Each structure stands twice: as structure tokens, then as C-alpha cells.
Amino acid sequence: MIKILKLIIINIFFMTTLYAESKVMLEKYTEVIPLGVKINIKNNESEPEFLNYVFVKTIDAPIRKDSSINSQEIMRLPYNTKMKVLEKIKVGKNDWYKVSIKTTTGESVIGYVSANLVSIRKFRFEKMNKKVEDLSNFLKSEAKLGKELVSTNTYIPNPKNENMNRLKDKYGVSADQNAVGMYGDEIIYIPDRSLMSIESLEGDYAYVNVFSIPEKPLKVHKRVLSRNPVVNSNFKKVIVIDLENENQGIFEKNKNEEWELISYTLNKTGLESTLGFETPKGNFIVPVAKYEMFYTDQYGRLAGLAKYAIRFSGGGYIHGTPIDFEENINRDFFLEQKDGTLGTVEGTRKCIRNSEAHIKFLFDWITNGKVNRKSNDQRPDENVMVIVF
């Protein structure tokens, strides 16, 4: 009998040890902006609750006491619920997130959720900062070599969404609203308002170096090039969009010529559909902003409006939460419902949706408060760049 008990104890110890050893830490998450990123926050109204979080992507998700499907279920959370994430671990062949959840009483509960039931989002501030520096270095080096800096202008408004050209190049960029670039016999589409330098001119054509496209130079027709606004290599304002994580960072150059993070927030980006396209990747310059941007339904009829729209490429704007005309009677309710989806999954027609609080800050920031009250259209009095990656 004693031998049997000893054997059972040994087996229990062995299984416990095996289970503990099978846990592998994959990543730890902190709620701290990296030291390498200079911070000078000028807008606190739209800061998200977490820098790193997961959200439920299924109908619901059980939160368990430990990282095992056999562990006790603490609670069950519905679709789209965001949770602060602390760790990612692997147990056997399965990945789990350790999360912190605030209850209705204000307490923080620690639990585990299967990685199969959630998606993770995080702010990659260092990568954003690097993207800004890379663009700055490219424009400065090209200007130093005596090359003219320009952007493209190929946007033709299409409010009824008619005859959209969905032909794509090898990078997945559509022909719609974009310029045709030739690299030998290969066609590469250049998104509207892309930043570039002119390598040389030849008759009706120009050879250009588009920063966001590896193939250089590309042959384009001169008519697609724009000098309005004039591109300044010493630009000071940048909006950086992270498509993978559905968030953004706003950077401004200070008096010491250093880039500072002045704001960050969650957003929603484009999804290809019958009415729109994915948000294009690239490096763009803002040509215009609007107090109000009206939008249409699938039949081309006016359906609603979004406030403070900042155009960056084609019909793509950074704008506030869109509200249909019939929703306006209960506007605050619909704002809250729609803003709850920011930072989760894509779902616009191409645009980048912000909360109204943050887009109002951006609008005032890009115009420096110098606005023409008699016009819906406003033009920044200095370069504002948009980087989408």
C-alpha cells in the first residue's frame, strides 16, 4: 500500500513538473512608451486605456483561472471586448494570453484567454519613429542632391462609386485613383499624393524615385506630378498609421530638430468592398482638409457626414466618426457604439476613422488655428505628411 502511495505521489509530481516545464514565455507586455521615443503629449483626451491589449474576435470568450481548457472559467466576455494583456505564453502546442480585466466594481481580475479567441493590438512607437526618420532622411538626401521633391495628384472624385478600377499590381495596389508608373515593361501603381523626387525629365515623361516603392526610378507622365503643396524636406508634422494594429502616432519636430510623440490613439482603416478599397500603404502629403465630409450609400445617395476630414490619398481621408443622417437624432449613442470598434478590425471604404475628440485635435494642429471660416476646405500652411505602414 505504501509503495502504491509513493508511486502515485511520484506520478503527480512528474505530471506537475512536466506541465510547469511545458509553459514557455513568448512575450511580456509593458504599458510604457520606450525610452528611445521622445514624448511631449499635447492631447490627453483620446489616449487609449491600454498600450497593449487583446479583443474578443469570436461571439464570446471564456476567461480562465489558468492557461488550460480544463481550468476554471472566471467569466465569459462578449465579442469586441478589449482586455489589457500582460503576457503571451505557450503551453504545449497552444498559445495563451495572460490578461487583466476590470470588473464593474473597479477591481482588476487576472485570467487567461486562448489566443485562438482573441486578436492582439499594440503600439509600435519605435517603429513609427523610425518610419518618420527614414522619410525625413530620404527627402533631405534627395534635396541635397539637387532633385526636386514633388507628389502625385491623380484624384478624381467619384461620389457614386462608379467604374472603380480594381486592377492591381504585384504589391496589391489598385489602379483606381492612382498614377501609372513604368519600371521597364512592368506597371507599378503609385498611390495618389505619394512623395517622390524627380530623377530626370524626358519629353512628356519624368523618371521619379518614389520613397515607398523599391523599384527606382519609375517612368510617369508629367501631368501626374504636383507641386501644390510644395514639398519641404524639413517638414515638421507627421501622422503615422499602423495598419496591422489599427492605431496611430502623431509626431512633431521640436526646436532642437528632434521628433517628439505628441499624441496617439486608436483608429479604423479600410477594407476592400463593393464601395471601397484597403487603406493604401505609403508616404503622403496632405493637400486639403474639410470641416465636413459628406458620404454616399451604395446607390450614390447622400447618407451622412463625418467631421474634420484630412485628405491624404485619393478619396482617403483621416476623419471623425461618420454619422448617418437618420442616426443624428441619437448622435451620442451612435458615436459611443462606433468608437468602441476603433483599434479592432478594419472596416472603412479607404479612410482612417478617428474619434471626434482626436480628429478635432488633428484638424486644429494641421491648420495651426488659421482657418477660413467662409470655406469648408482648409489648406495647411505647412507640410503635413502621412505615413501608412
Side-chain angles (χ1 to χ4, degrees), residues 43 45-46 155-164 176-177 192-193 239 241 246-248 250 263 265-280 284-380 384 386 388:
N43 172 50
E45 290 185 33
S46 308
Y155 174 49
I156 300 175
N158 185 11
K160 294 186 178 180
N161 307 302
E162 296 174 331
N163 304 315
M164 292 189 286
D176 194 74
Q177 297 185 348
D192 175 60
R193 288 299 172 182
I239 302 168
I241 309 297
E246 293 294 338
N247 57 40
Q248 65 186 264
I250 314 304
S263 181
T265 195
L266 308 180
N267 55 226
K268 181 179 285 290
T269 57
L271 175 69
E272 183 150 2
S273 65
T274 55
L275 294 180
F277 296 86
E278 297 174 346
T279 301
F284 312 102
I285 189 168
V286 173
V288 68
K290 299 174 181 290
Y291 279 116
E292 296 180 330
M293 182 190 72
F294 292 87
Y295 58 89
T296 58
D297 61 18
Q298 62 267 38
Y299 305 107
R301 302 174 303 198
L302 282 178
L305 65 86
K307 291 187 175 181
Y308 306 116
I310 301 165
R311 189 159 78 81
F312 66 97
S313 182
Y317 287 76
I318 305 170
H319 61 66
T321 308
I323 297 294
D324 290 354
F325 293 135
E326 62 267 25
E327 294 173 339
N328 202 48
I329 194 170
N330 199 3
R331 194 170 189 276
D332 290 343
F333 170 79
F334 285 106
L335 280 175
E336 183 179 357
Q337 294 298 307
K338 293 181 179 183
D339 286 352
T341 69
L342 298 177
T344 57
V345 295
E346 64 272 23
T348 73
R349 299 181 189 180
K350 187 184 225 177
C351 295
I352 299 165
R353 184 190 303 175
N354 280 211
S355 67
E356 280 200 1
H358 192 262
I359 197 64
K360 174 64 165 59
F361 164 76
L362 278 187
F363 191 86
D364 292 341
W365 177 67
I366 72 164
T367 59
N368 287 319
K370 301 172 185 177
V371 295
N372 178 4
R373 299 292 177 185
K374 296 180 181 180
S375 173
N376 189 42
D377 290 358
Q378 304 295 316
R379 301 193 181 276
V384 178
V386 177
V388 182

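These numbers were taken from a predicted model, which means no experiment stands behind them.
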Stepwise, does the side-chain contact (heavy atoms from CB on, under 4.5 Å) test hold for Arg331 with Glu356?
CA-CA 12 Å; Arg331 194 170 189 276; Glu356 280 200 1; 2.3 Å; yes
Tell me the closest heavy-atom pair linking Gly314 and Tyr155, and the distance in Å.
C-CD1, 3.4 Å
Ile310 side chain near Ile359 side chain, heavy-atom distance below 4.5 Å
yes
Interatomic spacing from CD in Glu278 to OG1 in Thr348 - rounded to 0.5 Å
10.5 Å
For a 4.5 angstrom cut-off between non-hydrogen side-chain atoms, does Lys338 reach Glu327?
yes
Answer yes or no: is there a side-chain heavy-atom contact under 4.5 Å between Arg311 and Asp192?
yes
According to the interplanar angle, ranging from 0 to 90°, do the rings of Phe361 and Trp365 count as parallel (below 30°), tilted (30 to 60°) or perpendicular (above 60°)?
parallel
Quick check for you: to the nearest 0.5 Å, what is the distance between Ile329 atom CD1 and Phe334 atom CZ?
10.0 Å
Which heavy atom of His319 sits nearest to which heavy atom of Cys351, and what is that distance?
NE2-CB, 3.2 Å
Could you tell me whether Glu336 atom CD has more than 12 heavy atoms of other residues or ligands within 6.0 Å of it?
no
Donor-acceptor pair, side chain of Ser46 and main chain of Thr265, under 3.5 angstrom
no
Please report the interatomic distance CG(Asp364) to CD(Gln378), rounded to the nearest 0.5 Å.
10.5 Å
Would you say Thr269's side chain and Ile352's backbone share a donor-acceptor pair under 3.5 angstrom?
no
To the closest 0.5 Å, what do you measure between OG1 (Thr274) and CG (Asn161)?
8.0 Å
Considering all heavy atoms of both residues, which atom of Ala289 and which atom of Phe363 are nearest to each other, and what is their separation?
CB-CE1, 3.7 Å
Sidechain-backbone polar pair: Glu45 side chain, His358 backbone, donor-acceptor under 3.5 Å:
no
Atom pair NZ (Lys307) and CE (Met293), whose distance is rounded to the nearest 0.5 Å:
13.5 Å
If we check side chain to side chain donor-acceptor pair (under 3.5 Å) with Asn354, which of these qualifies: Gln248, Lys268, Lys360?
Gln248
Check: Ile241 and Asn267 side chains under 4.5 Å, non-hydrogen atoms
yes
Under the rule for salt bridge (Lys or Arg N to Asp or Glu O under 4.0 Å), what residues qualify as partners of Asp377, not counting sequence neighbours?
Lys290
Less than 4.5 Å apart, any side-chain heavy atom of Tyr308 and any of Leu362?
no
Would you check if there is a donor-acceptor pair between the side chains of Asp339 and Ser355 at a distance under 3.5 Å?
no
Can you check whether Asp324's main-chain N or O pairs, donor with acceptor, with Tyr295's side chain at less than 3.5 Å?
yes
Side-chain (Asn376) to main-chain (Glu292) donor-acceptor, under 3.5 angstrom
yes
For Gly320 and Ala306, the nearest pair of non-hydrogen atoms, with its separation, is O-CB, 3.5 Å
Can a donor-acceptor pair be found, under 3.5 Å and without considering hydrogens, that links the side chain of Thr296 to the backbone of Arg301?
no
Dump the intermediate steps for side-chain contact (heavy atoms from CB on, under 4.5 Å) on Phe325 and Leu302, then the final yes or no.
CA-CA 9 Å; Phe325 293 135; Leu302 282 178; 4.0 Å; yes
4.5 Å side-chain heavy-atom contact, Met164 and Asn158:
yes
Indicate yes or no for a side-chain donor-acceptor contact from Ser263 to the backbone of Ile250 under 3.5 Å, with no hydrogens or angles considered.
no
Taking Arg193 for its side chain and Val286 for its backbone only, find out whether a donor-acceptor pair lies under 3.5 Å.
no
Do you know the tightest heavy-atom contact between Pro280 and Ser313?
CG-OG, 3.9 Å
Look up atom CG in Leu275 and atom CZ in Arg349, then write down how far apart they are to the nearest 0.5 Å.
4.5 Å
Residues two or more places apart in sequence or in another chain: which of them pass salt bridge (Lys or Arg N to Asp or Glu O under 4.0 Å) with Arg353?
none
